[in-house]
**Q** 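My questions all concern the structure below.
Predicted model, so just to flag it, every value in this text is computed and none were measured.
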Amino acid sequence: MAFAEGIPGERGQYNGKVTLLVVLSCVVAASGGLIFGYDLGVSGGVTSMDPFLKKFFPNVYRRMKEGTKISNYCKFDSQLLTLFTSSLYLSGLVSSLFASTVTRVFGRKASMLVAGVAVLIGSALGGAASNLYMLVFGRLFLGIGLGFGNQSIPIYISEMALPKHRGAMNIIFDTGVGIGVLIANIINFCTEKIDGGWGWRISLSMAAVPASILTIGAIILPDTPNSLIQKDNNLEKAKRVLQRIRGTNDVQRELDDLLKASSISKTTKDPFKKILQRKYRPQLVMAAAIPFFAQMTGINVITFYAPILFRTIGLRESSSLLSAVVIRCFNVGCTFISMFVVDKQGRRVLFMLGGIQMLATQVTIGGFMTALLGDHGGLSKASAYVVLVLICIYISGFGLSWGPLGWLVPSEIYPLEIRSAGQSITVAVSFFFCFLIGQTFLAMLCHMKAGIFFFFGGWVALMTLFIYFFLPETKNVPIEKVEQLWKEHWFWKRFVGDEVDNSIYKLDK
């Protein structure tokens, strides 16, 4: 199947090497992933802490402590509790659409700066919250930061990296997400033990640390050559930055491609309208399908509510928080593996392997909990740890595939003229389903019980087939040449035409 092969590894490459500036830029930018991961992980942890529940959600606290007749799966079902978690994603959805214009007109750095400042405000409000309104407003500011950051940062990394290293560099962002969740779980585990019941304030305010890194980085780092040409038409500055990040003076070939892409981009007045054109149909479908499927893996069952889920199956408060730390260690480890193999094995292979692994474990977990966990009581300690092991296997599959690739692939498939709009759609769809699942999961858990794992398992099977049939391999392809892949794909060529630019097949001289 020709479409699965992509473009051979050393073809269509530009001159250059991995420079310290590129690595530093990508690492600082990926602190945005750290923010995203921290905010994902911290909410599930604090909502399992007794002092936090007692102060802001007393009804949930009473049901958890006194409601012996309430089903295991329903004790945490509260619309106010889910509003605290999911309000972040609603504001992230809206802000990501505004971020498209800022990223395109003012540059990638401008959006990253907005992201850092918004998260600083949100973390201050959350840590100082004295009532539910302050708590939710803090989450809304965090959402604004995530909307701008997740829209601009993957684009920034993809444009800074060489094509042959783009996969590994971009996965730094998702590695940051995994590390952020892990750090949040560790901090939650430690702060839960603080006497006086104020440890949750530390948990909510610590997002300010990675936000400070991102804010400072956005001030001192250079913008991408693509952005400099697109917003300022400053060819000399773009060339100097390109020479610095590539570590060579011979950058004319890449600069010519950037100028060509920019000239096309400048004819586009409304990128959101343009992406609806027939020739951009594959990019539009992927912009919506990939983030949708990434959320339907069921990862948010684990990320948002891991401590709550473990308390549901009978673990104590400290044990549930510690279990969340363990599963995130597996996730981060597998994301590192993905970083080292994605540019060698390709995106499609990792999608396939991760999909099969997640499907098998979700079906097993669902069957195990159906057989052993009733509406009342809990699992035996041994059985609870079997579930923990299975969840570790599941989340390692996600860390290998949909976790990093769900952000990498969309960031590298859009032509410059629709790049900011396409990434905004990706982020908006992701946040919409984050919000939807975050707002409905506890009710779903209450009604579907263990069947929720079968529900998400069915989606994993569907998305694995989707990748197999409809996503071409993008490894080692220059970002301004990726559009040629759609022209030779068995399905998408009917939308974008079948003329292929043979220049991408010419070996570097």
Side-chain angles (χ1 to χ4, degrees), residues 12-30 32 99-113 149 151-170 172-173 214 217-268 271 408 410-423 474 476-484 503-504 508:
Q13 296 296 321
Y14 300 129
N15 294 322
K17 58 185 179 181
V18 178
T19 62
L20 180 61
L21 180 58
V22 169
V23 173
L24 181 62
S25 299
C26 291
V27 170
V28 170
S100 171
T101 300
V102 175
T103 301
R104 179 168 55 91
V105 176
F106 298 101
R108 286 52 167 154
K109 281 181 48 174
S111 284
M112 290 161 59
L113 183 60
Q151 194 277 341
S152 57
I153 290 171
I155 292 177
Y156 182 87
I157 297 175
S158 287
E159 291 180 347
M160 291 291 278
L162 275 168
K164 62 184 178 181
H165 301 130
R166 189 175 62 242
M169 291 291 188
N170 218 301
I172 292 175
F173 177 78
L214 180 62
I219 294 172
I220 65 175
L221 290 174
D223 216 333
T224 68
N226 314 59
S227 182
L228 292 170
I229 294 173
Q230 186 182 37
K231 68 185 180 72
D232 297 330
N233 201 30
N234 192 331
L235 303 187
E236 285 303 316
K237 185 175 181 180
K239 185 174 182 178
R240 289 197 301 271
V241 171
L242 195 58
Q243 290 172 334
R244 289 176 63 199
I245 65 176
R246 297 292 178 251
T248 177
N249 291 327
D250 185 11
V251 295
Q252 193 60 46
R253 180 181 175 187
E254 184 173 2
L255 186 63
D256 289 342
D257 282 342
L258 297 184
L259 291 172
K260 181 180 178 181
S262 179
S263 65
I264 297 173
S265 173
K266 287 176 181 176
T267 65
T268 302
L408 165 61
S411 73
E412 64 185 3
I413 63 173
Y414 307 123
L416 185 61
E417 63 269 23
I418 61 167
R419 190 167 296 157
S420 61
Q423 187 66 16
T474 56
N476 295 330
V477 184
I479 194 170
E480 306 302 345
K481 300 286 190 179
V482 170
E483 62 183 302
Q484 297 296 334
S503 67
I504 61 176
D508 291 338

**Q** Tell me every residue that passes side-chain hydrogen bond (donor to acceptor under 3.5 Å, both in side chains) with Gln243, counting only those two or more places apart in sequence or in another chain.
**A**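 None.
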**Q** Check ring-ring contact (aromatic ring centres under 6.0 Å, His included) between Phe173 and all other residues, then give those that pass, not counting sequence neighbours.
**A**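 Partners of Phe173 by the ring-ring contact (aromatic ring centres under 6.0 Å, His included) criterion, ordered by chain and then number, come out as Trp407.
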**Q** Would you say Ile220 and Val28 make side-chain contact, with heavy atoms under 4.5 Å?
**A**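 Contact flag for Ile220/Val28 side chains = no.
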**Q** Not counting sequence neighbours, which residues clear side-chain hydrogen bond (donor to acceptor under 3.5 Å, both in side chains) with Arg104? List them please.
**A**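 Partners of Arg104 under the side-chain hydrogen bond (donor to acceptor under 3.5 Å, both in side chains) test: none.
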**Q** Go through the structure and list residues passing side-chain hydrogen bond (donor to acceptor under 3.5 Å, both in side chains) with Ser158, not counting sequence neighbours.
**A**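 Partners of Ser158 by the side-chain hydrogen bond (donor to acceptor under 3.5 Å, both in side chains) criterion, ordered by chain and then number, come out as Asn170, Ser411.
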**Q** Quick check against the 3.5 Å criterion: does Tyr156 have a side-chain atom that pairs as donor or acceptor with the backbone of Arg108?
**A**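 It does not hold such a pair.
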**Q** So, Glu480 and Arg419, do they make that salt bridge, N to O below 4.0 Å?
**A**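 Salt bridge present between Glu480 and Arg419.
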**Q** Name all residues meeting the side-chain contact (heavy atoms from CB on, under 4.5 Å) criterion together with Val27; count only those two or more places apart in sequence or in a different chain, and write none if there are none.
**A**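 Only Val23 meet the side-chain contact (heavy atoms from CB on, under 4.5 Å) criterion with Val27.
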**Q** Taking only residues two or more places apart in sequence, or in another chain, which ones meet Glu412 in a side-chain hydrogen bond (donor to acceptor under 3.5 Å, both in side chains)?
**A**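 Glu412 satisfies side-chain hydrogen bond (donor to acceptor under 3.5 Å, both in side chains) with Arg166, Arg347, Thr474 once adjacent residues are dropped.
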**Q** Return yes if a side-chain donor-acceptor contact under 3.5 Å exists between Gln252 and Asp256, otherwise no.
**A**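 Checked: Gln252/Asp256 side chains pair up, N/O donor to acceptor below 3.5 Å.
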**Q** Could you pull out all residues at least two apart from Arg240 that satisfy side-chain contact (heavy atoms from CB on, under 4.5 Å)?
**A**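 Arg240 satisfies side-chain contact (heavy atoms from CB on, under 4.5 Å) with Glu236, Lys237 only.
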**Q** For residues Ser152 and Met112, report the shortest heavy-atom separation together with the two atoms involved.
**A**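 That would be OG-CG, 3.5 Å.
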**Q** Check side-chain contact (heavy atoms from CB on, under 4.5 Å) between Thr248 and all other residues, then give those that pass, not counting sequence neighbours.
**A**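 By the side-chain contact (heavy atoms from CB on, under 4.5 Å) rule, Thr248 matches Asn15, Arg246, Asp250, Val251.
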**Q** Would you say the side chain of Ser227 lies within less than 4.5 Å of the side chain of Ile155, judging by non-hydrogen atoms?
**A**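 They are not in side-chain contact.
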